[in-house]
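This report concerns only the one structure given below.
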Amino acid sequence: MTTTDSAPSATGGAEQELQERFDSSIAKDRRIEPRDWMPDGYRKTLVRQIAQHAHSEIIGMQPEGVWITRAPSLRRKAILFAKVQDEAGHGLYLYSAAETLGAERTELTERLITGRQKYSSIFNYPTPTFADVGVIGWFVDGAAICNQVPLCRSSYGPYARAMVRICKEESFHQRQGYELLMTMMRGTEAQREMVQDAVNRWWWPSLMMFGPPDGDSPNSAASMAWKIKRHTNDELRSRFVDMTVPQAERLGVTLPDPELRWNPERGRHDFGTPDWSELQRVIKGDGPCNAERMACRRTAHEDGAWVREAATAHAAKQAARGPRGPHTEEGTAA
Ligand SMILES: [Fe+2]
Ligand SMILES: [Fe+2]
């Protein structure tokens, strides 16, 4: 039995059989595919998580995007341009993955710009210096890698497959950030101070990216049981700390946590507790840049209306002509 042949045919007691087949696929680590039967809760959880992830990629273009015109060299501009463009691509793959679950991209966008769906709170912090571009690559894309590498084994096929390519690109993002910071650390005293200042500002918000502590994370248990998520928030946070500490030493910066130290018995780092009330405030819309990010996204949506209209009109025209010529829907010559 494969998961792909479990097409929905619920009549009478068939629902229970479908549920059993679904449970067995999950237990055996088989992928769930779009045409497979799945419980409503599984579908809803995935749509919420994938949409929130997609929104984060798109909103996440803003804090760094403002530096494209001010990058200090052509090389830095080209790298940053490529990185920000990658994030747009990640958003598109993820919206497509959500569409395989029956969600409409227009509806998801509507939910974002009306504030009914969230994006990662990390993007509500400002980027006052170019060192922020480096620290975002190092910390934020680094945290994204910790979060997303296990998602390549997520139980939902389209989500897991989108993650494979996204993770490869996130790895480039982290490296370009770290390399930028290395260069600045070899520069002037003022540049080193700029890097340390950015590290101080981004460290705690980056730890918050993994979400609230496990005891306070209502959706985690179901996501773990369905194998959408493979590790808890606290486990992922801890992995991120263990990965980042040696990188900070090599770079020559201090992480702003007096409780941070190696615990030889656990074989891991102990570290302080983030200010969870700050996370709650930012999630509720009261972060330093929430209003700015949302205003910018709404304006972009309004400015793009003519493109959507033109694309829709073009698609309608193509459809009316039928599947002739080189531009059929499948992209193959008929
Ligand atoms: Fe991304
Ligand atoms: Fe990234």
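Whatever order the structure lists them in is the order used to number ligands and atoms, beginning at 1.
Looking only at atom types and distance, the side chain of Q49 has no donor-acceptor partner in the side chain of H53 under 3.5 Å away.
Aromatic ring orientation, F210 versus F240: tilted (interplanar angle from 30° to 60°). The aromatic rings of W262 and H269 sit perpendicular, their planes meeting at an angle over 60°, well past the 30° parallel limit.
A salt bridge links K83 to E87: one of the charged nitrogens lies within less than 4.0 Å of a carboxylate oxygen. Between R153 and D29 no salt bridge is recorded (no basic side-chain N to carboxylate O distance below 4.0 Å).
Counting backbone and side-chain atoms alike, D141 contributes no N/O/S atom closer than 2.8 Å to the Fe ion (ligand 1). For residue E169, no N/O/S atom approaches the Fe ion (ligand 1) to within less than 2.8 Å. The Fe ion (ligand 1) has no N, O or S atom of H173 inside 2.8 Å of it.
For the pair OE1 of E87 and ND1 of H90, the angle whose vertex sits at the Fe ion (ligand 1) is 90° to 10 degrees.
For E170, the N, O or S atom with the smallest separation from the Fe ion (ligand 2) is OE1. When you scan the N, O or S atoms of E57 for the one nearest the Fe ion (ligand 1), you land on OE1.
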